Amino acid sequence: MSAEEASLRPERILDLSERLSVVAGQKIGEISTVNRAAKMLAINALIVAARAGEAGKGFAIVAEEFKKISTQIDEVAGALESQVRADLDELTAIGGAILSHLRGQRLADLALNAIEIIDRNLYERTCDVRWWATDSAVVDCAMAPSREAADYASQRLKVILDAYTVYLDLWICDAAGRVIASGRPDKYRGVQGASVANASWFQEALRTKSGDDFAVADIARQRLLDEAPVATYATAIREGGQARGKVIGVLGVHFDWRPQAQAIVDGVRMTDEEKARSRVLLLDQNHRILAASDGQGVLTDSFKLDTSHGSMGSYAQGDRTIGYALTPGYETYKGLGWYGCLVQRQAVDAPLPVAERVVDNVLRLKA
């Protein structure tokens, strides 16, 4: 960071407040120290004048006036200390509010960036499933599910999986919900022949009105894929691969959720120091944790997110600042009501209120 950039940091407000605190405390303390010495001189002068009798009366008058001036200086120093304390309290409050807002806004911006990356990623999944459902091998397998057609379709799906490594598996299902071909039959042996008729993504895909539509399921562990968490997208396979053709089956694609989501929450741009005291989350529409930078509570816990600040905002909660953003969607993908969220603890070495340091400096120098 350049010197110019460092001078423009928001934290510079409190840095300058602290410098003012030190200088003010030192100078007020110095005034008190000098004035204390002046008072001692005035008292000694009065003593000497008293001993001198009549000859010292004029000197006594001067010493008495000097003593009065010292008292006035004490009053001025006291008033200055009180005013400085009040002004620095206000400066600290304003600076703290500004910093809190900027930090919160930054966290919200980072949360928005994270959820936008997810949206763009999942938008591509919607494109993939609608495209692949028109592949001739997929359509032929669903139209006439012979052993030869299923084997050829599986080979075709494997080619796709080898190129698109973000998927765990691709399934071709007949209209009754039986998986008749998959891309990795050797790895996931229980898939082919299994029934997914009751799966929400299958039922919704059957009801799609055209090849432009798709279905999506909440992130969940898929038993047939070794309990791996997946984002499943599906669409109807239609006769002739036509957008308005008769529905003859369903294609389901299973996005490998864990590594992709983890890469996003781990990749939020923060310093190492910030990362150490921050938690990055992806939450579903019910605030269930879909991904977490610390790996805790994924798909089992929820996070109590206060969204009363709108679709994007931030708020303080104890020693934590929480920033969040609702999915804005991407292109034709409307999003699923998910949130990006960052929870950041206050830095351990956060400065104490400036006014307290002024008083401490003054008291130390007066001692």
Side-chain angles (χ1 to χ4, degrees), residues 106-129 131-132 158 160-170 183-184 187-188 201 214 216-222 225-234 252-303 305 312 314 322-345:
R106 178 169 178 270
L107 294 183
D109 288 341
L110 290 173
L112 177 61
N113 180 251
I115 199 64
E116 282 184 327
I117 293 173
I118 282 290
D119 280 346
R120 292 175 186 178
N121 202 321
L122 297 183
Y123 165 72
E124 293 177 3
R125 311 291 69 86
T126 71
C127 296
D128 290 345
V129 71
W131 170 30
W132 296 335
K158 183 180 183 303
I160 295 174
L161 287 171
D162 289 343
Y164 290 80
T165 57
V166 296
Y167 292 102
L168 285 177
D169 207 359
L170 312 178
R184 288 179 174 148
K187 183 174 182 179
Y188 303 113
W201 56 266
F214 63 90
V216 58
D218 287 335
I219 305 300
R221 297 185 183 281
Q222 174 51 253
L225 298 177
D226 297 338
E227 296 293 336
V230 295
T232 300
Y233 285 77
V253 301
H254 302 287
F255 181 65
D256 191 3
W257 175 254
R258 181 187 289 118
Q260 313 307 324
Q262 197 65 42
I264 290 172
V265 295
D266 289 344
V268 171
R269 298 183 64 180
M270 293 185 288
T271 65
D272 291 340
E273 185 276 331
E274 283 183 303
K275 286 185 177 181
R277 55 188 176 87
S278 301
R279 189 183 190 202
V280 184
L281 302 169
L282 296 177
L283 309 174
D284 71 9
Q285 65 274 22
N286 297 315
H287 304 171
R288 181 177 60 129
I289 298 173
L290 301 177
S293 56
D294 60 1
Q296 300 299 308
V298 177
L299 301 184
T300 59
D301 296 344
S302 295
F303 181 81
L305 181 65
M312 179 179 176
S314 65
I322 300 169
Y324 70 89
L326 174 66
T327 169
Y330 182 73
E331 297 287 346
T332 58
Y333 182 66
K334 302 300 184 182
L336 301 174
W338 291 1
Y339 290 87
C341 178
L342 270 83
V343 182
Q344 189 172 89
R345 300 189 309 277

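Since this is a predicted model, take the numbers as computed values, not measurements. Each residue takes its place number in the sequence, starting with 1.
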- [ ] Check whether any side-chain heavy atom of T232 sits under 4.5 Å from a side-chain heavy atom of V216, and report yes or no.
- [x] no
Value for CG (L336) from CG (D218), rounded to nearest 0.5 Å, stands at 7.5 Å
> Are M270 and L342 side-chain neighbours, meaning at least one heavy-atom pair lies under 4.5 Å?
Replying inline: yes
| request: Starting from the C-alpha separation in whole Å, work towards a yes-or-no answer on side chain to side chain contact (heavy atoms under 4.5 Å, CB included) for I219 and V230. | output: CA-CA 6 Å; I219 305 300; V230 295; over 6 Å; no
Heavy atoms of N286 and S302 approach each other most closely as O-OG, 4.4 Å
List the steps and the verdict of side chain to side chain contact (heavy atoms under 4.5 Å, CB included) for D128 and V253. CA-CA 9 Å; D128 290 345; V253 301; 5.7 Å; no
Rounded to the nearest 0.5 Å, the OG1 atom of T300 sits from the CD1 atom of I289 at a distance of 7.0 Å
Rounding to 0.5 Å, atoms CZ (F214) and OG1 (T126) come to a distance of 4.5 Å
Here the pair of heavy atoms bringing A108 nearest to Y324 is CB-O, 3.8 Å
Interatomic distance, CZ@F303 vs CD1@I322, rounded to 0.5 Å, equals 4.0 Å
For A111 and G340 the tightest heavy-atom approach is CB-O, 3.4 Å
Nearest heavy-atom approach of A291 to A261 is CB-CB, 3.8 Å
Is a side-chain N or O of Q262 found less than 3.5 angstrom from the main chain of A292, in a donor-acceptor match? yes
Carboxylate-amine/guanidinium contact R120 E124, below 4.0 Å | no
Residues passing the ring-ring contact (aromatic ring centres under 6.0 Å, His included) test with Y188, sequence neighbours excluded, are none
> Heavy atoms, side chains only, cut-off 4.5 Å: are N113 and I117 in contact?
Replying inline: yes
task = Inspect the surroundings of NZ in K275 and state if more than 12 heavy atoms from other residues, nucleotides or ligands are less than 6.0 Å away.
result = yes
Original post:
Is any side-chain heavy atom of P229 closer than 4.5 Å to a side-chain heavy atom of L290?
Top reply: no
Does any N or O in the side chain of D119 come within less than 3.5 Å of the main-chain N or O of Y330, such that one atom is a donor and the other an acceptor? no
Please report the C-alpha distance between S293 and V268 in whole Å, then the side-chain angles of each, then the deciding distance to 0.1 Å, and finally whether the side chain to side chain contact (heavy atoms under 4.5 Å, CB included) criterion is met.
CA-CA 9 Å; S293 56; V268 171; over 6 Å; no
- Message: Before you tell me yes or no, could you show the steps for V166 and R125 under side chain to side chain contact (heavy atoms under 4.5 Å, CB included), namely the whole-Å CA-CA distance, both residues' side-chain angles and the distance that decides it to 0.1 Å?
- Response: CA-CA 10 Å; V166 296; R125 311 291 69 86; 4.0 Å; yes
| query | Is the shortest heavy-atom distance from the side chain of Y233 to the side chain of Y167 under 4.5 Å? | reply | no
So OH of Y339 and OG1 of T327: to nearest 0.5 Å the spacing works out to 10.0 Å
The side-chain hydrogen bond (donor to acceptor under 3.5 Å, both in side chains) partners of S314 (sequence neighbours excluded) come to none
Heavy-atom nearest pair, D169 first then G183, reads OD1-N, 3.0 Å
Interatomic distance, CG@L122 vs OH@Y333, rounded to 0.5 Å, equals 4.5 Å
Practice task
Evaluate the side-chain proximity of I115 to L326: yes if any heavy-atom separation is below 4.5 Å, no if none is.
Solution key: no
- prompt: With side chains defined as the heavy atoms from C-beta onward, is the minimum distance between M312 and D109 less than 4.5 Å?
  reply: yes
So salt bridge (charged side-chain N to carboxylate O under 4.0 Å, His left out) across residues 283-298, not counting sequence neighbours, yields R279-D294, D284-R288
**Close side-chain approach of Q344 and R277, heavy atoms under 4.5 Å** = yes
